[in-house]
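Heads up: the structure comes next, in structure tokens.
Everything numeric in this text was worked out from a predicted model, so none of it was measured.
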Amino acid sequence: MTDAILFAVEEGMARLTLNRPARLNAFNADLAHAWKDATAEATSRTDVKAILIDAAGPAFCAGGDVIDMATTMGASGAEITALAEVINSGIRSLTESAVPVVAAAHGTTAGGGLGILLCSDYAVVGSRSKLGSLYANIGLTPDLSVSAQLARAVGQRRALQLVLQDRLLTAAEAVEWGLVAEAVEGEDAAAEAERVRARGEEIARFWLAGAADAYGQAKRLVREQPERSFVEQLGEEARSIGAALETPDAQARVAAFAAASAKKTG
């Protein structure tokens, strides 16, 4: 049986590749449990400083495997709830970690796939990409963090426009809305998918080449902000920058910056 997720760690970067291409990487039980295990490992390893989520085949993620739900699982509400909780565990692992996450989301991202994209901190799509909710088309409601994170990303009014229509955003619209950071082009769909994956890896490598731990703590501060009052957030910022300054990496970078500045003004 083919692994539902391909997982590898190389030079500080963990790559999680959704690997059900024939079903547009829609989640079934195998993918759900593989996702939970892979995200837990990626966020718990001390050698991982950046995480890349990408996908095999023509699309990033079509959400839940509705056909599998109806035929294999019998579409039991209790089973679907339990499966969603398994996937949610992986989403929490990523969003609550101090490791920056980039999603390389070529092709279509729909339904719960939006939740997978939203648990990244930086998202890249292709110029041909389409993104939407589409839950109500089959009588279902948003899950996998879509209702929790979509409005934070694009604002409540735009989130409502997306979940109350069967609209698929173009890549340009997704960038304009702030749902994704950038879109890249390719000569055809396959070439574009490779460029999206390559750009995602480039972003992860950028974090690794810089102050990787500081990027991770910056991600944590922004992600955790809604849980704190303004005064509490100021206190956490002050504590975090003080802790950062005590690290050898920050001390070396501050000293190098000071020396370069002195040389310019000397």
Side-chain angles (χ1 to χ4, degrees), residues 12-14 16 36 39-40 42-53 85 87-103 105 112 114-124 131 142-163 174-182 200 203-258 261:
M13 184 188 78
L16 285 67
K36 177 182 178 181
T39 52
T43 55
S44 63
R45 289 178 54 155
T46 57
D47 60 330
V48 170
K49 302 297 183 181
I51 297 172
L52 168 63
I53 306 171
E85 290 294 351
I87 304 168
N88 287 344
S89 176
I91 290 172
R92 290 195 302 272
S93 291
L94 294 177
T95 57
E96 294 173 1
S97 76
V99 182
V101 180
V102 56
L114 272 182
I116 303 304
L117 183 144
L118 286 164
C119 71
S120 71
D121 308 302
Y122 196 107
V124 181
L131 303 92
D143 67 343
L144 307 189
S145 83
V146 171
S147 68
Q149 299 201 82
L150 183 59
R152 292 181 187 176
V154 303
Q156 186 181 78
R157 299 297 293 180
R158 280 181 162 172
L160 288 168
Q161 290 172 35
L162 208 55
V163 301
V175 172
E176 179 190 352
W177 281 30
L179 182 58
V180 304
E182 58 184 89
I203 290 162
R205 296 295 180 195
F206 168 79
W207 294 332
L208 293 170
D213 288 330
Y215 285 126
Q217 290 302 315
K219 170 254 181 82
R220 180 188 64 81
L221 284 168
V222 173
R223 283 284 192 180
E224 291 180 353
Q225 184 277 325
E227 302 172 8
R228 301 190 185 95
S229 68
F230 180 66
V231 171
E232 289 170 337
Q233 185 69 6
L234 292 180
E236 181 60 20
E237 286 181 349
R239 186 203 66 77
S240 295
I241 197 170
L245 189 59
E246 295 295 322
T247 65
D249 182 58
Q251 291 175 0
R253 290 176 182 275
V254 169
F257 180 84
S261 297

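Judged by distance alone, the side chain of S120 and the main-chain N or O of I116 form no donor-acceptor pair under 3.5 Å. In this structure, the side chain of Q233 does not engage the main chain of E224 through any donor-acceptor pair within 3.5 Å. With K219 contributing its side chain and V99 its backbone, the two residues share a donor-acceptor pair below 3.5 Å. The backbone N or O of A148 sits nowhere less than 3.5 Å from a side-chain atom of S145 that would complete a donor-acceptor pair. Under a 3.5 Å cut-off, the side chain of R228 and the backbone N or O of G235 do not form any donor-acceptor pair.
Atoms CD1 and CG, from I241 and L221 in turn, are 9.5 Å apart once rounded to the nearest 0.5 Å. With values rounded to the nearest 0.5 angstrom, Y215 atom OH is found 14.5 Å from K49 atom NZ. To the nearest 0.5 Å, atom CZ of residue R223 and atom CD of residue E96 are 10.0 Å apart. With rounding to the nearest 0.5 angstrom, the NZ atom of K36 is 8.5 Å from the CZ atom of R92. Atoms CG and CG, on L150 and L117 in that order, are 10.0 Å from each other to the nearest 0.5 Å.
Other residues, nucleotides and ligands place more than 12 heavy atoms under 6.0 Å from the CZ atom of R239. Applying the 6.0 Å contact sphere to CG of L234 captures more than 12 heavy atoms from other residues, nucleotides or ligands.
Between V180 and L131, some side-chain heavy-atom pair lies under the 4.5 Å cut-off. Looking only at side-chain heavy atoms (C-beta outward), Y122 and F206 stay at 4.5 Å or farther from each other. By the 4.5 Å heavy-atom criterion applied to side chains, L118 and R152 are not counted as neighbours. Put simply, the side chain of L114 reaches to within 4.5 Å of the side chain of L179, judged on heavy atoms.
The nearest pair of heavy atoms linking L16 to A42 is CD1-CB, 4.2 Å. Scanning both residues, R45 and D47, for their nearest heavy atoms gives NH2-OD2, 2.8 Å. The two residues V124 and I203 come nearest to each other via the heavy atoms CG2-CD1, 3.5 Å. Between V146 and G115, the shortest heavy-atom distance links the atoms CG2-N, 3.5 Å. Minimum heavy-atom separation, A204 to V102: CB-CG1, 4.1 Å. The shortest heavy-atom contact between C119 and L94 is SG-CD1, 3.5 Å.
Put simply, the residue from T95, T39, T43, I51 that forms a side-chain contact (heavy atoms from CB on, under 4.5 Å) with V101 is I51.
Looking at R220 and E236, a side-chain N of the basic residue comes within less than 4.0 Å of a carboxylate O on the acidic one, giving a salt bridge.
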